[in-house]
Asks: 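Next up is a structure, given as structure tokens.
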Amino acid sequence: MKNKAKEIVEQYMDRIYAYVKKRVTNEADVEDITQEIALNLYRSLCVKDVENVEGFVWVVAKNTLTNFYRENAKTKYNLSIDEGTLDFADEKESALSDLIHQEECERIHQEIAYLSRIQRKVLILYYYEEKKQTEIAEILDIPLGTVKWHLNIAKAEMKKGMEKMRNKNELKFNPINFSKVGMSGGLGALGYPINFVRSALSQNILYCIQKDEMTVEQIADLLGVSPVYVESELEFLEEYQLVLRKKNRYLCNILIEEETEEIIRATDQLYETVTGKIANRLFDEIIQGGYLQSEDIIGPKDDNFRMWSLMFYLLATSENGFQKKISFQEAATIRADGGENIIIASVEDETLEKPSLWKEYFCGPCWNEKDGVILWLVDGEWTEKRVNEHYGGVNIEPELRLLKRFTNGEVLSVDEYTLMLEKGYIRKNGETFELAIVGIKEGETKTKLLSLAKRIKNSVLEEYQEELDQYRCEVLGSDYLPKDTKIQRDFTTQQLFGSDGMFMRYIKDVLVKNGKLNAVLDNQRRSVSEILILK
């Protein structure tokens with residue numbers, strides 16, 4: 001850093017000398033002040049990493065010259081100080097103005113951080129988001145009078161804080177918060193990925209290094225916390241490969257998505273249009289083709305219930321028209337707890353209006369296989385929550401074995417029947433038990449249904465190819481991402497209208513809105529949207 005500081009000082013020496021000479025008539029003073037500016041600049045650059053070097057140089061020059069006038073005004077020059085005479089348009093006045101404005105903003109941000117949570121929210125919405133007081137009241141669900149009161153209190157506290165100028169480490173006045181943390185792939189021993197990003201500190205560390213490599217000190221300076229805390233958190237994140245270390249610099253290794261009004265609007269419009277055409281056409285052709293009456297489809301003889309399972313399964317598992325170039329193994333990370341996945345975190349803007357559909361609970365698709373039996377499902381607002389961090393893998397294998405024995409006609413024990421009833425796999429019918437979920441056997445019907453879903457899906461996707469290419473490029477573009485996360489983003493964009501959760505949500509939404517799918521009964525919620533594949 002000393003060599004870099006020396007290089008910068010040498011680069012600016014002639015310009016600094018010219019700047020001083022325009023403002024000081026005594027040649028000896030010109031030399032002294034120039035040397036003082038150079039020394040102050042060198043000391044500062046040795047301890048501070050400066051992004052706007054040009055602006056910083058002239059701030060140091062102006063402050064040094066101002067101090068010189070102040071110290072000598074009475075004894076030597078008998079001058080009053082007019083800092084307006086120290087302007088220097090030829091040394092990039094705009095850069096200086098921007099830097100001074102930035103410093104003022106940082107002082108304000110520092111004071112905002114000391115307000116209460118509600119006062120911070122009100123102030124940010126009012127001044128930074130430019131919301132009306134009535135809108136703030138609606139967003140925060142508080143009376144309008146309370147909004148006005150908090151604004152007055154916050155402004156008074158800000159004024160007191162600015163006057164005192166606290167000498168404390170700066171904190172970000174409005175840290176981000178991951179609204180959702182999901183994944184593609186399998187869980188490890190630590191469970192859901194939210195367990196990795198366990199604090200506001202870890203989330204903000206990941207956020208600030210999602211595009212640029214940074215040292216511990218740079219991260220700490222950016223977040224306004226001690227490097228000790230940052231270092232400790234980075235050790236954990238590195239152990240589980242949520243960050244990658246390159247020498248002494250760290251880089252985020254998960255995908256972070258931020259909502260904007262443009263992204264919300266583009267996503268909603270594209271998914272509603274494309275999904276509507278795909279889902280409606282497939283639904284109608286399944287019904288008209290008489291597929292639901294096939295003996296290869298087992299379980300409740302309820303067409304509405306069967307379609308709640310088949311539509312999700314067929315559209316998620318049928319191949320789409322995008323040429324797959326990246327495999328999951330290429331994109332996913334194998335973590336220290338045994339999980340293999342791509343972690344995706346979301347940063348939402350609560351002031352933006354989003355489709356109500358986006359706020360609904362959803363999980364899936366999920367599937368588990370054992371001894372020729374596959375259990376596939378999605379969870380949503382219309383089901384009981386069946387997927388948790390203990391779901392899947394070895395935890396579900398005993399149930400898969402029971403399902404295989406039951407469908408083969410074997411008699412189970414009382415405890416085994418009880419478990420199957422509790423899980424919603426079977427139901428009581430008089431003195432006997434019958435399958436309560438939809439099942440489909442390997443064979444001609446399954447092959448034809450998957451072929452039908454693939455044909456319809458690809459026909460619609462081809463029709464909207466131009467819009468899809470534009471969406472993937474402009475909305476989901478990965479060119480700005482580092483290499484490791486770019487491959488993750490490129491893999492996820494391949495899943496559009498495949499098994500991605502957004503597609504699954506819109507399938508439900510469009511079919512319910514147009515009356516093709518009716519609401520499931522309460523006693524079906526444990527079993528709906530779950531399908532058993534029998535080989």
Side-chain angles (χ1 to χ4, degrees), residues 275 278-280 282-284 286-287 291-294 296-318 356-369 373-388 390-392 395-396 399-400 402-403 406-407 417-429 433-441 445-446 449-450 453 499-534:
T275 304
I278 294 173
N280 285 321
L282 179 60
F283 188 98
D284 291 342
I286 290 175
I287 298 297
Y291 290 100
L292 296 181
Q293 283 66 55
S294 170
D296 287 344
I297 299 178
I298 60 176
K301 296 185 180 300
D302 177 336
D303 287 356
N304 182 63
F305 183 82
R306 288 186 169 189
M307 291 299 277
W308 271 102
S309 297
L310 284 170
M311 288 299 297
F312 292 115
Y313 171 73
L314 294 174
L315 288 175
T317 54
S318 57
S356 58
L357 171 67
W358 292 24
K359 303 173 186 176
E360 293 183 4
Y361 164 76
F362 184 84
C363 179
C366 301
W367 61 92
N368 289 271
E369 182 174 6
V373 172
I374 298 174
L375 187 62
W376 189 99
L377 64 83
V378 294
D379 259 354
E381 292 287 321
W382 62 95
T383 73
E384 285 191 7
K385 292 185 179 181
R386 298 163 294 197
V387 180
N388 55 42
H390 305 297
Y391 179 85
N395 298 316
I396 206 76
E399 296 168 26
L400 293 176
L402 286 177
L403 279 166
F406 180 82
T407 54
Y417 279 125
T418 301
L419 174 64
M420 296 277 276
L421 285 167
E422 289 176 351
K423 294 289 185 177
Y425 297 138
I426 62 174
R427 63 186 182 184
K428 194 80 179 292
N429 184 10
F433 298 96
E434 61 184 18
L435 195 65
I437 62 177
V438 175
I440 184 168
K441 300 175 183 177
T445 299
K446 178 172 175 283
L449 283 171
L450 285 171
S499 58
D500 64 295
M502 189 68 74
F503 184 36
M504 299 291 100
R505 289 185 182 193
Y506 276 83
I507 291 170
K508 184 274 297 185
D509 199 52
V510 298
L511 293 177
V512 169
K513 281 182 178 178
N514 62 25
K516 293 184 185 296
L517 285 179
N518 299 319
V520 295
L521 303 175
D522 286 344
N523 62 2
Q524 296 176 323
R525 290 171 64 86
R526 284 180 302 172
S527 312
V528 72
S529 304
E530 190 168 21
I531 192 162
L532 185 67
I533 313 299
L534 301 169

Asks: If you measure from CD on Glu399 to CD on Glu422, what distance do you get to the nearest 0.5 Å?
Replies: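 It is 10.0 Å, given to the nearest 0.5 Å.
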Asks: Considering non-hydrogen atoms only, spot the tightest contact between Leu449 and Ile286 and give its length.
Replies: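 Nearest pair, atom of Leu449 first, then Ile286: CD2-CG1, 4.0 Å.
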Asks: Does this structure show an ion pair linking Asp509 with Arg505, if we count only N-O contacts that are shorter than 4.0 Å?
Replies: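 No.
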Asks: With a 4.0 Å cut-off on N to O distance, would you call Glu434 and Lys428 a salt bridge?
Replies: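 The answer is no: the pair does not qualify as a salt bridge.
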Asks: Heavy atoms only: give me the nearest Ser527-Ala436 pair and the separation to one decimal.
Replies: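 Reported closest heavy-atom pair: CB-O, 3.3 Å.
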Asks: List the steps, then state whether side-chain contact (heavy atoms from CB on, under 4.5 Å) holds for Lys441 with Lys446.
Replies: CA-CA 7 Å; Lys441 300 175 183 177; Lys446 178 172 175 283; over 6 Å; no
Asks: Kindly compute the distance separating CD (Glu360) from CD (Glu381), expressed to the nearest 0.5 Å.
Replies: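 Glu360 atom CD to Glu381 atom CD measures 5.0 Å (nearest 0.5 Å).
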Asks: If you measure from CD1 on Ile278 to CD1 on Ile507, what distance do you get to the nearest 0.5 Å?
Replies: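 Here the interatomic distance stands at 8.0 Å.
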Asks: Which atoms form the tightest heavy-atom contact between Ile297 and Tyr291, and what is the distance?
Replies: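 Closest pair (atom of Ile297, atom of Tyr291, distance): CD1-O, 3.4 Å.
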Asks: How close do Thr407 and Leu532 get, counting heavy atoms only, and between which atoms?
Replies: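 Closest approach of Thr407 to Leu532, heavy atoms only: CG2-CD2, 3.9 Å.
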Asks: What's the spacing between Leu375 CG and Asn368 CG if we round to 0.5 Å?
Replies: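 The CG atom of Leu375 sits 7.0 Å away from the CG atom of Asn368.
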Asks: Do Trp358 and Met502 come within less than 4.5 Å of each other through their side chains, counting heavy atoms only?
Replies: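 Of all side-chain heavy-atom pairs linking Met502 with Trp358, at least one is under 4.5 Å.
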Asks: Do Leu511 and Asn280 touch side chain to side chain, with heavy atoms closer than 4.5 Å?
Replies: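 Sidechains of Asn280 and Leu511: in contact.
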Asks: Does NZ in Lys516 sit with more than 12 non-hydrogen atoms of other residues, nucleotides or ligands closer than 6.0 Å?
Replies: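 Yes, because the 6.0 Å sphere around NZ of Lys516 holds more than 12 heavy atoms from other groups.
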Asks: Closest heavy-atom contact between Trp382 and Ser529?
Replies: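 Residues Trp382 and Ser529, closest heavy atoms: NE1-OG, 2.7 Å.
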Asks: What residue among Arg306, Gln524, Arg427 forms side-chain contact (heavy atoms from CB on, under 4.5 Å) with Pro300?
Replies: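 Between Pro300 and the candidates, side-chain contact (heavy atoms from CB on, under 4.5 Å) is satisfied uniquely by Arg427.
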Asks: Hey, is Arg386 close enough to Asp379 for a salt bridge, meaning N to O under 4.0 Å?
Replies: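 A salt bridge is present here (some side-chain N lies under 4.0 Å from a carboxylate O).
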Asks: Taking all non-hydrogen atoms of both residues into account, name the closest pair between Ala279 and Val510 and its distance.
Replies: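 Shortest heavy-atom separation between Ala279 and Val510 comes out as CB-CG2, 3.9 Å.
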Asks: Quick one, Arg525 with Val520, criterion side-chain contact (heavy atoms from CB on, under 4.5 Å). Give me CA distance, side-chain angles, the key distance, then yes/no.
Replies: CA-CA 7 Å; Arg525 290 171 64 86; Val520 295; 4.2 Å; yes
Asks: Could you tell me whether the side chain of Val528 reaches within less than 4.5 Å of the side chain of Ile437, counting heavy atoms only?
Replies: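 The answer is no; the side chains never approach within 4.5 Å.
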Asks: Does any non-hydrogen side-chain atom of Ile396 lie less than 4.5 Å from one of Tyr391?
Replies: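 Yes, close enough: below the 4.5 Å cut-off.
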Asks: First locate atom NE2 of His390, then atom CG of Asn395, and finally report the distance between them rounded to the nearest 0.5 Å.
Replies: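 Taking NE2 in His390 and CG in Asn395, the distance rounds to 8.0 Å.
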Asks: Does any non-hydrogen side-chain atom of Val438 lie less than 4.5 Å from one of Met307?
Replies: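 No; the side chains remain at least 4.5 Å from each other.
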Asks: Could you walk me through whether Ile440 and Ile531 pass the side-chain contact (heavy atoms from CB on, under 4.5 Å) test, one step at a time?
Replies: CA-CA 7 Å; Ile440 184 168; Ile531 192 162; 4.0 Å; yes
Asks: Using the side-chain contact (heavy atoms from CB on, under 4.5 Å) rule, take Val373 and Ile533 through it: C-alpha gap first, then chi angles, then the decisive distance, then the call.
Replies: CA-CA 6 Å; Val373 172; Ile533 313 299; over 6 Å; no
Asks: Against the six-membered ring of Phe312, is Lys508 placed for a cation-pi contact (under 6.0 Å from the centre, within 45° of the normal)?
Replies: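 No cation-pi geometry.
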Asks: With rounding to the nearest 0.5 angstrom, report the CG to OG1 distance, Leu377 to Thr383.
Replies: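 Going from CG on Leu377 over to OG1 on Thr383, the span is 8.0 Å.
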Asks: Report the relative orientation of the aromatic rings in Trp376 and Tyr313; use parallel for angles under 30°, tilted for 30 to 60°, perpendicular for over 60°.
Replies: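 Correct class here is perpendicular.
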